[in-house]
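Quick notes on the structure that follows.
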Amino acid sequence: MKRLDKLTTTELSAWVQQAKTQAERGQIPDRIPQLALANPDWFAVHICCKSGKTISFGDTACVFPLMSVIKTFSLLYLLEHFGTETVFSWVGVEPSDAPFNSLEQLVSDRGRPRNPMINSGAITLADKLPGKDPRVRTLLFCQWLNELAGCQVNLDEAMLTSVRLTRSTANEAIANYLAEIGHLENLETSLDTYEQICCLSGRVEDLALLGKLLACEYHRLKSQNRQIVNAVMSTCGLYEASAEFAVRIGLPMKSGIGGGLVAIVPSEGAIACYSPALDTIGNPIAGLVFLEALSQKLELSIFG
């Protein structure tokens with residue numbers, strides 16, 4: 001196995017070019033007008049190694065909203081604050097074969113969200129974040145992430161306005177159902193908090209630094225919580241495509257419709273990609289093509 005920190009930008013360049021040719025198969029999401037402004041040709045990668053070495057390539061100055069990638073870190077945050085027993089009394093850890101915003105799945109499961117990586121689970125957890133209102137909750141969470149990871153994510157107000165103007169009817173239906181059966185303390189607070197944390201934005205370097213929290217031992221995080229989050233990412237992080245990419249790439253990963261994708265290489269480092277063109281499931285096409293090439297060439301799969 002070739003180590004992550006022995007990579008060169010020349011090797012990266014070849015894999016990036018190969019991945020970018022696949023981006024034309026994807027679509028920029030247009031439901032949120034601000035997201036629709038992204039250029040489908042943008043691609044950036046940043047790798048943070050345990051050794052301290054960093055490697056980056058491409059459109060690394062691009063700022064993008066983390067969107068569903070944030071679900072990984074809200075899970076970690078709540079595990080650290082409340083412990084596993086409490087958190088998993090709110091949500092499950094089972095994979096879902098339905099779309100990430102499926103109400104039907106939630107109803108058939110009698111209101112218990114399958115996992116924290118789909119919208120029903122993430123909205124449920126947003127309801128539990130510490131803080132008196134959505135703005136304070138988002139600020140406390142953002143400060144915790146930045147202090148812990150040494151990154152600089154912040155709330156993108158323009159993106160949040162765009163999200164609010166085109167609020168997802170699917171998310172509203174999920175939140176209504178969760179509130180009806182008593183799983184949310186406050187419907188509007190949970191939805192608003194969810195929308196705000198999804199609009200936390202940064203560069204690909206910030207996402208890699210966040211990923212590094214899950215890749216390497218860190219004295220301020222419980223090892224068990226890191227292991228749990230990585231396991232849930234492996235089985236649920238790419239929605240109904242999670243099992244396919246566990247086979248093809250073999251790393252804990254999480255995607256977002258903002259184009260972000262983070263992969264964890266345990267004990268070695270984290271790889272973050274930004275590529276805004278998505279496949280039909282909602283995963284960044286070029287990012288996954290790139291990670292598949294990287295994982296196979298360097299034999300990074302955790303199942304090896």
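Worth knowing before you read on, the calculation uses all heavy atoms, side chains too, and leaves out hydrogens, waters and symmetry mates.
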Ignoring hydrogens and angles, write down the donor-acceptor pairs under 3.5 Å from the side chains of residues 31-46, residues two or more places apart or on other chains.
from: Arg31; atom 1: NH1; to: Thr166; atom 2: O; distance (Å): 2.5
from: Asn39; atom 1: OD1; to: Asp41; atom 2: N; distance (Å): 2.7

Acceptor/donor pairs from residues 138-145 side chains to any protein atom, 3.5 angstrom cut, sequence neighbours excluded:
from: Thr138; atom 1: OG1; to: Pro134; atom 2: O; distance (Å): 2.8
from: Thr138; atom 1: OG1; to: Gln196; atom 2: OE1; distance (Å): 3.4

Locate the shortest heavy-atom distance separating Leu213 from Ala149; write the atom from each residue and the value.
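Reported closest heavy-atom pair: CD1-CB, 3.8 Å.
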Mind listing the closest non-hydrogen atom pair of Tyr194 and Ala122 along with its distance?
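Residues Tyr194 and Ala122, closest heavy atoms: CE1-CB, 3.5 Å.
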[Y] and [X], any side-chain heavy atoms less than 4.5 Å apart:
X      : Y      : value
Lys71  : Leu125 : no
Lys254 : Leu238 : no
Leu129 : Ile197 : yes
Val69  : Leu261 : no
Pro130 : Tyr77  : yes
Ser234 : Pro252 : yes
Glu157 : Leu155 : yes
Arg114 : Pro95  : no

In plain terms, say whether [X] and [Y] are close enough for a salt bridge, that is, a side-chain N and a carboxylate O under 4.0 Å apart.
X      : Y      : value
Glu268 : Lys53  : no
Glu94  : Arg112 : no
Glu195 : Arg137 : no
Arg164 : Asp192 : yes
Arg3   : Asp5   : yes
Glu11  : Lys297 : no

Could you tell me whether Trp15 and Phe57 have their ring centroids closer than 6.0 angstrom?
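Ring centroids of Trp15 and Phe57 are no less than 6.0 Å from each other.
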Picking from Lys20, Gln18, Arg25, what satisfies side chain to side chain donor-acceptor pair (under 3.5 Å) with Gln22?
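Checked Lys20, Gln18, Arg25 against Gln22; only one passes side chain to side chain donor-acceptor pair (under 3.5 Å): Arg25.
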Name the orientation class of the two ring planes belonging to Tyr239 and Phe100 (parallel below 30°, tilted from 30 to 60°, perpendicular beyond 60°).
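Because their plane-to-plane angle lies in the 30° to 60° range, the rings of Tyr239 and Phe100 count as tilted.
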Taking atom types as modelled, is there a side-chain donor on Thr60 or Glu205 under 3.5 Å from an acceptor on the other?
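No, no side-chain donor-acceptor contact under 3.5 Å.
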Distance only, no hydrogens: is a donor on one side chain within 3.5 Å (strictly under) of an acceptor on the other, for Gln152 and Asp206?
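No pair is found: no donor N or O on one side chain lies under 3.5 Å from an acceptor on the other.
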Per the ring-ring contact (aromatic ring centres under 6.0 Å, His included) rule, what does the pair list look like for residues 242-267, sequence neighbours excluded?
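Residue pairs passing ring-ring contact (aromatic ring centres under 6.0 Å, His included), neighbours aside: none found.
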Kindly state each residue pair satisfying ring-ring contact (aromatic ring centres under 6.0 Å, His included) with at least one member in residues 105-129, sequence neighbours excluded.
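As it turns out, there is no ring-ring contact (aromatic ring centres under 6.0 Å, His included) pair with a partner in residues 105-129 once direct neighbours are skipped.
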With no hydrogens and no angle check, is any side-chain donor or acceptor of [X] less than 3.5 Å from a backbone partner on [Y]?
X      : Y      : answer
Asn230 : Ile264 : no
Ser190 : Asp127 : no
Asp59  : Cys62  : no
Ser89  : Thr86  : yes
Asn225 : Ile228 : no
Asp279 : Asn283 : yes

Show me, pair by pair, the donor-acceptor contacts under 3.5 angstrom made by side chains of residues 169-185, not counting sequence neighbours?
from: Asn171; atom 1: OD1; to: Asn119; atom 2: ND2; distance (Å): 2.9
from: Asn176; atom 1: ND2; to: Glu172; atom 2: O; distance (Å): 3.1
from: His183; atom 1: ND1; to: Gly111; atom 2: O; distance (Å): 3.0

Can you tell me if CZ on Arg220 sees more than 12 non-hydrogen neighbours from other groups inside 6.0 Å?
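Atom CZ in Arg220 is packed in, count exceeds 12.
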Residue that, paired with Glu217, satisfies salt bridge (Lys or Arg N to Asp or Glu O under 4.0 Å) out of Arg226, Lys50, Lys222
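Looking at Arg226, Lys50, Lys222, the match for Glu217 under the salt bridge (Lys or Arg N to Asp or Glu O under 4.0 Å) is Arg226.
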Other members of the hydrophobic cluster containing Ile28, with the 4.5 Å side-chain heavy-atom rule, please.
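None; Ile28 is a cluster of one.
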Let me see the working for Thr189 and Asp133 under side-chain contact (heavy atoms from CB on, under 4.5 Å), right down to the final yes or no.
CA-CA 7 Å; Thr189 298; Asp133 59 46; over 6 Å; no
